[in-house]
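Here's the structure, in structure tokens; my notes come after.
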There are 2 protein chains.
Amino acid sequence: MAQNEKITINDIARRTGLSKGTVDRVLHNRGEVSRKSYARVMEAIQELGYEPNVFASLLAKGKKHLIAILLPAHEPGTFWDLAVSGIALTTDSVTSASLETKLFEYDQYDIDSFRTASAAVLEAAPSGVVLAPMFQEATQAVTEQFQARGIPYCFIDSRPESNGYLAYFGMPLHKSGYLCADQLTRGQDISSVLIIRVRRDRYQQSDPTVNRRAGFLDYMLEHSPECKIDNVFIDPNDPAGIDQVLESYFTGHPDVHHIVMFNSRIHLVVPFLRRHPDPGRRVVGFDNLKANMEALRDGTVSVLICQRPEEQVRLAIEALAEHAILGKIPPRKDHFMHMDILTRYNVEDY
Amino acid sequence: MAQNEKITINDIARRTGLSKGTVDRVLHNRGEVSRKSYARVMEAIQELGYEPNVFASLLAKGKKHLIAILLPAHEPGTFWDLAVSGIALTTDSVTSASLETKLFEYDQYDIDSFRTASAAVLEAAPSGVVLAPMFQEATQAVTEQFQARGIPYCFIDSRPESNGYLAYFGMPLHKSGYLCADQLTRGQDISSVLIIRVRRDRYQQSDPTVNRRAGFLDYMLEHSPECKIDNVFIDPNDPAGIDQVLESYFTGHPDVHHIVMFNSRIHLVVPFLRRHPDPGRRVVGFDNLKANMEALRDGTVSVLICQRPEEQVRLAIEALAEHAILGKIPPRKDHFMHMDILTRYNVEDY
DNA sequence: AAAAATTCCGTTACCGTGCACGGAAATTCA
DNA sequence: TGAATTTCCGTGCACGGTAACGGAATTTTT
């Protein structure tokens, strides 16, 4: 409070009778300092409450830190497209002057492309990496490389069992399924629900929808144990097939009104739903894709549960930046983000 | 992309055959430069794509910018307490090295204390001010002072008619009332609602609840025109009185189940509601005060509509910082923030 | 005890801008 | 035309920290 003047390494040098070169050496403990001098400097730092000047430091070393972002290809209108848009959110022009971000993309259905992309990341020798764990073993493999090279990394979206990451930013998956069920049923008893699922591929992937579904089922078991729960599977790349599947299901089950989908692709079934309106129907999906929000606006979808993937990316980048530039490590590892409930009445300003 | 090396004012000096002193003069156009030289420098800046090095600049001038925050006193558990907690969110340690924030508080029921606080802000000659418009004319008066002195300012929470502010961060008020009604009724017809209001004081204050109520009534008019809407008034400082008012209202109107309140004080009526449970009741309030969230958890309150006042403060500070440090002006003035819907199932990670 | 090797430490040249000072060049005045 | 101004512009130090370089002091070797 009182003493306004920031104290510098020169002050410490003077105080200890040493030179700023020596002070600098102990600050970055890069050796070549006697025990005695080391102790004296540390003491002075304590006493005077020295704090390094970030600007001077950054200016002097003039290094640009590279943050690598390793994500599935962001085809327009997909979840990963949202995530990627968060890179630009690293708004802070000051910080960003010493930060460079580079996006490494891969095909989320092709493990080899992931391996190639990982290799490229390692090649680039970044100061930090943001990634989503898609392929379990391959992710494990690459993060071990990161650790071996002392490269910090953050997970977004979901999180593997491992433990070496700097931080994780994502939605509490099980809870999100629970919330989803509550929004669908509005806390009232319902008699039937249809879960629409996407058939997964051969590789063992980390799949957030598993936990969501579990949360959903837990809620239903507690609140609507009588409720009949059906599952149908669709193929994202076959719109005609989707229509067929739904058509045949609903002709067989005219009494089913409610629909949920635990991934971001609720928009895939929207065309069908538009053609077959049902005033008693409720539809809940996930993630604020453009197409999903459109469906929310016109009432085809009742509720979307969203997790701000852009924010997750932004926060991950910031955590890595703080680590790289200032050597800070975030107090918490796991950051469970708020689950946003979107309806047609609050979708506009999202 | 290709040329990696950042170009500096020295490069420009060399290119133009002038000295860096001159280049610096045109960069900050502080005169003492001939037309011809000025033009040449500008041209070179264009051609080479010069961008100043923020760190060097900040280091050289070494000035700490002061951002003043002018808000109602943040008594624990109030809305303004939340807002104030956002000051600490100016997380970016790099930026914050050149930023200093100072909180100026006043009594939101005492216009003189506001005047005193405003005077103190002017006294401090800050590089920017964050404020919420409580007293209309007094706010007008002080912002005129800011403009006269070239001090940029941002509004949060709500926004007066005037026009000289740098940016505004807040909830779309009318829409929030609309949303509130939808959450209360769940889109279904209801027959009656009770609006609980706080009697306002003598001074003409900027009152966000007016717009919210308007939005609410608009919704009801559209969706439940038959609905009977009652109003009662309570005094925040008289708990016993609150109980009396509610007691007498509900004994007279046992058929009324639904309750809304358009300010952050829904927690005031929670004790009464807890003592008089009603399974058919729905209660909607605003803002994530601790007490409100508690009531959400135990089911006394059904839904809270929240606006992240901390984020508003953070964003306002960041906007001012960018302006003060880098001279940037934000692209948009008005930032309507997303309205968060909180239920017992997503309140935990908020 | 002298030479060789280590361990420590001070000096110094930057990093890119900001800014004060003083002087050269151009202009105005007498 | 020479002096007095006014316009312009270059020089140089400061900001706080980084890191290479080389030398003094100390320790180890022969």
Side-chain angles (χ1 to χ4, degrees), chain A residues 3-42 44-45 48-65 93-98 324-327, chain B residues 3-42 44-45 48-65 93-94 96-98 127 324-327:
Chain A
Q3 75 270 32
N4 225 333
E5 296 311 313
K6 264 290 197 180
I7 59 130
T8 74
I9 63 171
N10 290 302
D11 297 324
I12 300 198
R14 210 169 322 114
R15 180 72 124 84
T16 56
L18 295 164
S19 74
K20 57 180 197 156
T22 305
V23 175
D24 184 65
R25 272 184 286 264
V26 345
L27 279 173
H28 303 76
N29 46 317
R30 50 180 154 91
E32 319 226 337
V33 177
S34 69
R35 292 180 118 15
K36 205 175 52 180
S37 304
Y38 184 91
R40 278 205 301 181
V41 170
M42 288 306 268
I45 288 177
L48 305 189
Y50 166 78
E51 284 185 21
N53 179 315
V54 195
F55 303 128
S57 175
L58 250 10
L59 173 60
K61 57 179 149 210
K63 210 169 75 183
K64 272 227 165 196
H65 289 282
S93 319
V94 178
T95 309
S96 68
S98 74
I325 299 179
L326 308 166
Chain B
Q3 75 271 33
N4 226 334
E5 296 310 314
K6 264 291 199 180
I7 59 131
T8 74
I9 63 172
N10 291 302
D11 296 324
I12 301 199
R14 211 171 320 116
R15 180 71 124 81
T16 56
L18 295 164
S19 75
K20 58 182 197 142
T22 305
V23 175
D24 184 65
R25 270 183 287 263
V26 347
L27 279 173
H28 302 76
N29 46 319
R30 50 181 153 91
E32 317 224 339
V33 177
S34 69
R35 292 178 119 11
K36 206 173 53 178
S37 303
Y38 185 90
R40 278 205 299 180
V41 170
M42 289 305 268
I45 288 177
L48 304 189
Y50 167 79
E51 285 183 22
N53 180 316
V54 195
F55 303 127
S57 174
L58 251 10
L59 173 61
K61 60 179 147 212
K63 210 170 77 184
K64 272 225 169 201
H65 289 281
S93 319
V94 178
S96 68
S98 73
S127 308
I325 299 179
L326 308 166

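Note on naming: letters A, B, ... go to the chains in the order of the sequence lines (proteins, then strands), and numbering restarts at 1 for each one. Keep in mind that the numbers below use all heavy atoms, side chains included, and drop hydrogens, waters and symmetry copies.
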Within the 4.0 Å heavy-atom criterion, would you say [X] contacts the bases, only the backbone, or no part of the nucleic acid?
X: N53(A); answer: sugar-phosphate
X: L27(A); answer: nothing
X: Y50(A); answer: sugar-phosphate

Point-to-point distance, once rounded to the nearest 0.5 Å, from [atom1] of [X] to [atom2] of [Y]:
X: I7(B); Y: N53(B); atom1: CD1; atom2: CG; answer: 11.5 Å
X: K64(A); Y: L58(A); atom1: NZ; atom2: CG; answer: 10.5 Å
X: I325(B); Y: K61(B); atom1: CD1; atom2: NZ; answer: 9.0 Å
X: K63(B); Y: S127(B); atom1: NZ; atom2: OG; answer: 5.5 Å
X: T22(A); Y: R40(A); atom1: OG1; atom2: CZ; answer: 10.0 Å
X: I45(B); Y: E51(B); atom1: CD1; atom2: CD; answer: 11.5 Å

[N] [atom2] sits how many Å from [X] [atom1], rounded?
X: I12(A); N: dG16(D); atom1: CD1; atom2: C1'; result: 12 Å
X: Y38(B); N: dT7(D); atom1: OH; atom2: C1'; result: 17 Å
X: K63(B); N: dG16(D); atom1: NZ; atom2: C1'; result: 19 Å
X: H28(A); N: dG17(D); atom1: NE2; atom2: C1'; result: 8 Å
X: K64(B); N: dC15(D); atom1: NZ; atom2: P; result: 17 Å

Quiz item: N29(B) and V26(B): side chain to side chain contact (heavy atoms under 4.5 Å, CB included), yes or no, with the steps?
Solution: CA-CA 4 Å; N29(B) 46 319; V26(B) 347; 5.9 Å; no
Exercise. Tell me which of S34(A) and L59(A) sits closer to the 5' end of DNA chain C, going by the nucleotide each one is nearest to.
Key: S34(A)
Exercise. Ignoring backbone atoms, test whether S37(B) places a side-chain nitrogen or oxygen under 4.0 Å from the OP1 or OP2 oxygen of dC8(D).
Key: no
Quiz item: Is there a side-chain polar atom (N or O) of S19(B) under 4.0 Å from OP1 or OP2 of dG10(D)?
Solution: yes
Quiz item: When R25(A) is tested against each of V33(A), L18(A), V41(A) for side-chain contact (heavy atoms from CB on, under 4.5 Å), which residue passes?
Solution: V33(A)
Distances under 3.5 Å only, N/O to N/O: pair up the protein atoms with those of nucleotides 20-25 of chain D.
none

Self-check item: Short side-chain to backbone donor-acceptor contact, T16(A) and I12(A), under 3.5 Å
Solution: yes
Quiz item: CZ of R35(A): more than 12 outside heavy atoms within 6.0 angstrom?
Solution: no
Self-check item: Degree of bending in the helix from dA1(C)-dT30(D) to dA30(C)-dT1(D) once both end axes are built from five pairs, to 10°
Solution: 50°
Self-check item: Residue whose nearest DNA chain D nucleotide is more 5′ - K20(B) or A56(B)
Solution: K20(B)
Practice problem: Find which nucleotide of DNA chain D each of K61(B) and R35(B) is nearest to by heavy atoms, and output the residue with the more 5' nucleotide. | Solution: R35(B)
Quiz item: From the 5' end of DNA chain C to its 3' end, which nucleotides mark the outer limits of contact with chain B, defined by a 4.0 Å heavy-atom distance cut-off (strictly under)?
Solution: dG16(C) to dC19(C)
Exercise. Could you check Y50(B) against I9(B) for side chain to side chain contact (heavy atoms under 4.5 Å, CB included), going step by step and ending with a plain yes or no?
Key: CA-CA 8 Å; Y50(B) 167 79; I9(B) 63 172; 3.2 Å; yes
